[in-house]
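This report refers to the structure that appears directly beneath it.
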Amino acid sequence: MQSYDEFSRYYQEHMPQVFGFVFMRTNQNRSLAEDIVSEIFLKALENFEQYSAEKGSFKSWIFQITKNYLIDHFRAKKNQPSASIDDLANQLHDGSDTGKKAQLAIEKEIITQAVNELPEEKKELVILRYFSGYSYEEISEIINDNPNNTRVKLHRILQELKRKLAKLNQ
């Protein structure tokens, strides 16, 4: 039987990534994301005895629970989740320039629009990689694909986004 200490260690390690994924899937609604993440980990704790490291990593297992929970949640709400994209420049942004803030807000809106136009599978890959911080290998495990295919898929998605953004900027 799995121990609560072991689960606690997994929780501390993986909760930020799960939160990041849920946060993006709930249109950055922090309160809703916090509620959902607590429900996900409660469900995981209740079923922790079913987790087996031989069958896959905890990260893959908790992501499957997360994905299934979100499907059920949005189906029950009759509301489709959509991801938004924060421009990576936001992390490097100098908050002292108001003009830069306005430009950044416009860029974020354009990127959000482009990402929201992606099919769900592509949005999911973008969120896993760029917001939840999963490696290509981890994403591959989650989607049952090999790392090289995952790299190629993400590269193609980014190229598609660049083309969409170029059209929007014309």
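As a basis for the values below, the full set of heavy atoms in this structure was taken, side chains included, without hydrogen atoms, waters or symmetry mates. Starting from 1, each residue takes its place in the sequence as its number.
Within 6.0 Å of CZ on R9 lie more than 12 heavy atoms contributed by other residues, nucleotides or ligands.
Of the N and O atoms on the side chains of E141 and S57, at least one donor lies less than 3.5 Å from an acceptor on the other residue.
A distance of 7.5 Å separates CD1 of I127 from NZ of K123, quoted to the nearest 0.5 Å. For the atom pair CG (L128) and CD1 (I139), the distance works out to 5.0 Å, reported to the nearest 0.5 Å. A distance of 7.5 Å separates CD in E6 from OH in Y51, rounded to the nearest 0.5 Å. The line from NE2 of H73 to CZ of R25 is 11.5 Å long, rounded to the nearest 0.5 Å. Atom OG of residue S60 and atom NE2 of residue H14 lie 10.5 Å apart, to the nearest 0.5 angstrom. Expressed to the nearest 0.5 Å, how far CD1 of I36 lies from CG of D72 amounts to 11.0 Å.
Residues that satisfy the salt bridge (Lys or Arg N to Asp or Glu O under 4.0 Å) test with D35, not counting sequence neighbours, are absent from this structure.
In terms of heavy-atom proximity, F7 sits nearest to F41 at CZ-O, 3.4 Å. Between Q64 and I142, the shortest heavy-atom distance links the atoms OE1-O, 3.7 Å. Summarising the geometry of S140 relative to P147, their closest heavy-atom pair is OG-CA, 3.0 Å, with the distance given to 0.1 Å.
Contact check for F58 versus F48: side-chain heavy atoms found under the 4.5 Å cut-off. Y134 is not listed as a side-chain neighbour of T150, based on a closest heavy-atom distance of 4.5 Å or more. The closest side-chain heavy-atom distance from I65 to N47 is not below 4.5 Å. For the pair E160/K122, a side-chain contact is recorded, criterion being any heavy-atom separation below 4.5 Å from C-beta on. In this structure the side chain of V22 never reaches within 4.5 angstrom of the side chain of Y69, judged on heavy atoms. The shortest distance between side-chain heavy atoms of E138 and F63 does not fall below 4.5 Å. Counting only heavy atoms from C-beta outward, the side chains of R129 and Y136 approach each other to under 4.5 Å. Looking only at side-chain heavy atoms (C-beta outward), E124 and F21 come within less than 4.5 Å of each other.
Using bins of under 30°, 30° to 60° and over 60° for the plane-to-plane angle, the ring pair F23/F19 lands in the parallel bin.
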What's the verdict on side-chain contact (heavy atoms from CB on, under 4.5 Å) for L118 and L125, showing C-alpha distance, side-chain angles and the deciding distance? CA-CA 10 Å; L118 292 173; L125 288 175; over 6 Å; no
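Cluster annotation: I71 is not connected to M24 through the hydrophobic network of ILVMFWY side chains, with a link wherever side-chain heavy atoms come within less than 4.5 Å.
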